[in-house]
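Written below as structure tokens is the structure these notes are about.
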Amino acid sequence: MSRDGWEAVIGLEIHVQLQTRTKMFCRCANRYGDPPNTNVCQVCLAHPGVLPVPNRAAVHQAIRVGMALGCTIPSWSQFHRKNYFYPDNPKAYQISQYDSPLCGEGVFHVPAPGGAFEVRLERAHIEEDAAKMIHAGGAGGRLTGSASSVVDFNRAGTPLLEIVTRPDLHSGEDARRFLNLLRATIVAIGASDADMEKGSLRCDANVSVRRVGDTALGTKTELKNMNSFRYLERGINAEIERQIGVLEAGDRVRQATMHYDVATGTVHVLRSKEEANDYRYFPEPDLVPLEPDAALLDELRAALAELPAARIERFVGQYGLPEPIAEALGTGSELARWFEELARLVGDGRLAANWTLGDFSAHLNAAGVVPAESPVTPARMAGLVRLVESGAVGTAAAKQVFAGLVDDPDASAEAIVEARGLGQIGDEAALAAVVDEVVAGNPAQVAQFRAGKVQLLGFFTGQVMRQTGGRAEPKTVQRLLRERLDGS
Amino acid sequence: MATFSTLGLTAERAAALLDARELSCEELAAAYLERIAADDPALHAFLHVDPERTLEAARRHDASGRSGFAGVPIALKDLFCTRGVPTTAGSRILEGYRPVHDGDVVERCQDAGLVSLGKTNMDEFAMGSSTEHSAYGPTRNPWDPETVPGGSSGGSAAAVAAGLAPWSLGTDTGGSIRQPAAFTGTVGLKPTYGAVSRYGVVAFASSLDQVGPFALTVRDVAALYAIVAADDPRDTTNVGPAEAVVRPEGEDLRGLRLAVPRDQLTVGVDAGVLERFEEAVALAVSLGAEVGECTLPHASHGLAAYYLIAPAEASANLARYDGVRYGPRTDGPDVQAMYEATRHDGFGPEVKRRIMIGAYALSAGYYDAYYGQAQRVRTLIRRDFDVAFADYDALLLPTTPTPAFRFGAKLDDPLAMYANDVFTLPANLAGLPGLSIPMGTSDGLPVGLQIVGPAFSENRLFAVGHALERAIGFDPVPPRLQGVTS
Ligand SMILES: [Zn+2]
């Protein structure tokens, strides 16, 4: 994107809260919304003498995500301690991974309307989340300067997966598209609900710009606090623009942590110079290395469902759908499943795609439900599609039938058409009477039509539709109108 | 009730007295508590004793019927977490702290019916070789109150030597069981790394710490090891013993190939210690062992490697004592000041020294030269042992270069204090088991013989130790306590 002559280079660091029953290294519940400090024990409160025991389910989830993102899974990986003092970090070290992550390099394939692109992944590793702090008094909701702070350790020690990409993205839109598909992939395999607004998916972006053709990377800044896909895209684009502005003004970009202000749509410096943190990483001596064997990897790989990227490509091939349609249908597993069932029932992928992305998606958005929660099952929907295709129900009436499917979960499309009299009127005699009435009632328009203003045919059609409650069969109406208006 | 003294009383003998109903569990516990009440004010082996709690536990065993070692008392180093019972690790920073959980070995002792007499003194966070670094004052050596009992498990060793407990548990990170065992004329085992769970042991250096027993005999040490060694899923570095523990019976060493790493004995070894050692080696030969020589070419770097690895791990392990969640807090104007004041007031000088060394060894730009290099040395030392064990079943070494030293002798010279561990810490670096048994005295103070074997060869160490113990015939009761009855 962006101005001529400049190229943006973007890498993302993504934190995903893994969905597990218990925390990463103890047996406390990994659950949100409970009263503060109720899901805690001696391990996650870092009492003396406690030891971490890795959560096998979390490790498996992480490996599955790594596989789904195309990462290699090394046969040997280990935990490191990352040392720093902060009240949200009970051991004063975070158990993380350093030079031997659970998931190694990979390539993630992103279908896109303008042609698919690839994003290389550097790594994905497991670590534990920090506790949650609330600061009272003072400025800016930060620890420094606050009158007092309280800590809720319910989140302390819950499993996180950190995914790091190579700097392969070049625009806010690319980043959003990549993250959206990554999110859908993680959701599809059930590793996390990956909800940016809830914080179960967090994303920081490293952004730099350079002249097109340059091979060296420019100075990068780290962009934080983007809690939705929209803000991620806008924040990155704003930072790209800012950096280009700085460089075009002859200045240089300074390494910094930036904050995107959603209210003003601008970025500003959060920390002007990265504090030289020395985390004194060293191998976690309380844990033995992780050595996933081939049998486990085979088992986890076999259990992976079809992933969104592959599904989108399949939709293009199997149903002959254009890429943007396939992307809209194939990204989310539930909608994809609903669509495929409808396509099977009506025997026409394009037709099913239209209905899925049309009335059905509008209904999901309006009702705020997911496909499985909707009363409109693919089978009931197929009933309506068949009525429309056979001409028994017109497009206008179809909207009312669809509304009936939503309102009355027990009724079939046929029953709704019957009960509400929404069947199409194809009977020529009945329609002729209405047409005659309309022609007789609008002499001025008839005169104009006959004088050459043929576009008035739409006006007459509309009048007939109005009088029949939208049920008139349009082709017959138009033929009858032409007969009346052209003749005599 | 039979007249008896806890002095020199083994756990095996105590259990036999209970089996024969010559004593009740309560009477046995009461005898030890009396001895503690009489002698511990001078000795200071214990940091915490709760007589009522102890007697109540003993009475339960009397009431419920008992078997094995049930009803036999035990003393626990104050490094083991005991639910509801003060656990200080010898530090001010845990003053008043009562754990919400029991350590794995504490649970296993309870399951075996052992009755806790209390928590024993130690160098703060197990950092030291004399108990002089305890925040609560030093423990004295029952053999000579002017000398140290060794450390860091000095309280556990002194309690057993002085008849305040028949046996006890300690921990050994660089010699903290074997060295005080040697100084107090007791038997001490540092098991193979991974044989005993570290869950509920206040951590000093995670990759080196191991729990082990003190007792008056090798057979008792084997019995207590059998109680505590197990696979505990709460410690992922722990696998438990590789085979069932065998309490030794045999009195000869036929068919065993032992080696003396002569290259280790060239400098700084006390003449009396060397004399006793050569006698022990000669005894081993007379018992039928084939005794050869080997070398440990990299062991001379062990001290330096150890004093980087252990402080590095400790610097992280002790970072949690920040005054936020438990333990004493010294307030300050902001959280950073609170951290600093709390840790300034809570830690003693030796702990601070090691935290600083450790943090430095791990810091950016120094990691490779210090921590990384130390780990490479560790690998080389492990290989030295592998080479030796290709030809020999076990190695013989003095446990320490000298007998117990006097209070204050090394307090101002950390390097001299650290050098006391020179023969013990290679086994920690290599994760190997080491057994120390008394091999006589030098200038009236006990000295120890160390037997080091391959990983999980504890049964072999017990067999060798038992045969030599019988042949040496050491009397574990300190002469100055002999004739004293309770
Ligand atoms: Zn917990």
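To find a chain, count down the sequence lines: A is the first, B the second, and so on, and within it residues start at 1.
- Proximity of B:Arg234 to A:Val43: side-chain heavy atoms (C-beta onward) are nowhere separated by under 4.5 Å.
- Note that the CD atom of B:Gln336 and the OH atom of A:Tyr86 stand 11.0 Å from one another [nearest 0.5 Å].
- With rounding to the nearest 0.5 Å, the separation of CG in A:Asp286 from OG in B:Ser206 is 3.5 Å.
- Around the NZ atom of B:Lys352, the shell of radius 6.0 Å holds more than 12 heavy atoms that belong to other residues, nucleotides or ligands.
- Side-chain contact between A:Pro283 and B:Tyr371 is present, with at least one heavy-atom pair separated by less than 4.5 Å.
- The greatest number of non-hydrogen atom pairs below 4.5 Å with chain B, out of A:Pro54, A:Cys26, A:Pro285, is found for A:Pro285.
- Note that OG of B:Ser207 and CZ of A:Phe282 are 8.5 Å apart. Values are rounded to the nearest 0.5 Å.
- More than 12 heavy atoms of other residues, nucleotides or ligands lie within 6.0 Å of CZ in B:Arg353, so this atom counts as buried by the packing criterion.
- Ring planes of A:His47 and B:Tyr97: tilted class, angle from 30 to 60°.
- We find the OH-CG distance between A:Tyr93 and B:Asn317 to be 5.0 Å, quoted to the nearest 0.5 Å.
- The 12-atom threshold is exceeded at NE2 of A:His268, counting heavy atoms of other residues, nucleotides or ligands nearer than 6.0 Å.
- Dense packing is recorded around NZ of A:Lys82, with more than 12 heavy atoms of other residues, nucleotides or ligands lying under 6.0 Å away.
- Residue contact with chain A, scored on non-hydrogen atoms closer than 4.5 Å, involves the backbone and the side chain of B:Asp235 alike.
- Note that CG of B:Asn238 and CG of A:Leu51 are 9.5 Å apart. Values are rounded to the nearest 0.5 Å.
- By the 6.0 Å contact criterion, CZ on B:Arg83 is open, its count of non-hydrogen atoms from other residues, nucleotides or ligands being 12 or less.
- Under 3.5 Å, the side chains of A:Arg280 and B:Tyr367 contain no donor-acceptor pair of N or O atoms.
- B:Val100 touches chain A through its side chain: at least one heavy atom from C-beta onward sits under 4.5 Å away, while N, CA, C and O do not.
- Only the side chain of B:Tyr193 comes within less than 4.5 Å of a heavy atom of chain A; its backbone N, CA, C and O stay farther away.
- A donor-acceptor pair under 3.5 Å is absent between the side-chain atoms of A:Asp278 and the main chain of B:Ser363, judged by distance alone.
- Looking at B:Tyr321, only its side chain comes within 4.5 Å of chain A, counting heavy atoms on both sides.
- No part of B:Ala89 comes within reach of chain A, as not one of its non-hydrogen atoms sits under 4.5 angstrom from that chain.
- Contact count versus chain B (heavy atoms, under 4.5 Å) is highest, among A:Asn89, A:Asn83, A:Val288, for A:Val288.
- Of all heavy-atom pairs spanning A:Pro87 and B:Val335, the tightest one is CG-CG2, 3.7 Å.
- Contact between B:Ala319 and A:Phe85 at its shortest, heavy atoms only, is O-CE2, 3.3 Å.
- Between A:Pro48 and B:Val202, the shortest heavy-atom contact is CB-CG2, 3.7 Å.
- Interatomic distance, CZ of B:Arg325 versus CD of A:Gln42, reported as 13.0 Å (0.5 Å rounding).
- The contact between B:Tyr199 and chain A is made by backbone and side chain atoms together, counting heavy-atom distances below 4.5 Å.
- Only the side chain of B:Leu94 comes within contact range of chain A, judged by heavy atoms closer than 4.5 Å.
- Residue A:Tyr281 places its OH atom among more than 12 non-hydrogen atoms of other residues, nucleotides or ligands, all under 6.0 Å distant.
- For chain A, the nearby part of B:Pro233 is the backbone; its heavy atoms alone come within less than 4.5 Å.
- Heavy atoms closer than 4.5 Å to chain B are found in the side chain of A:Phe153, but not in its backbone.
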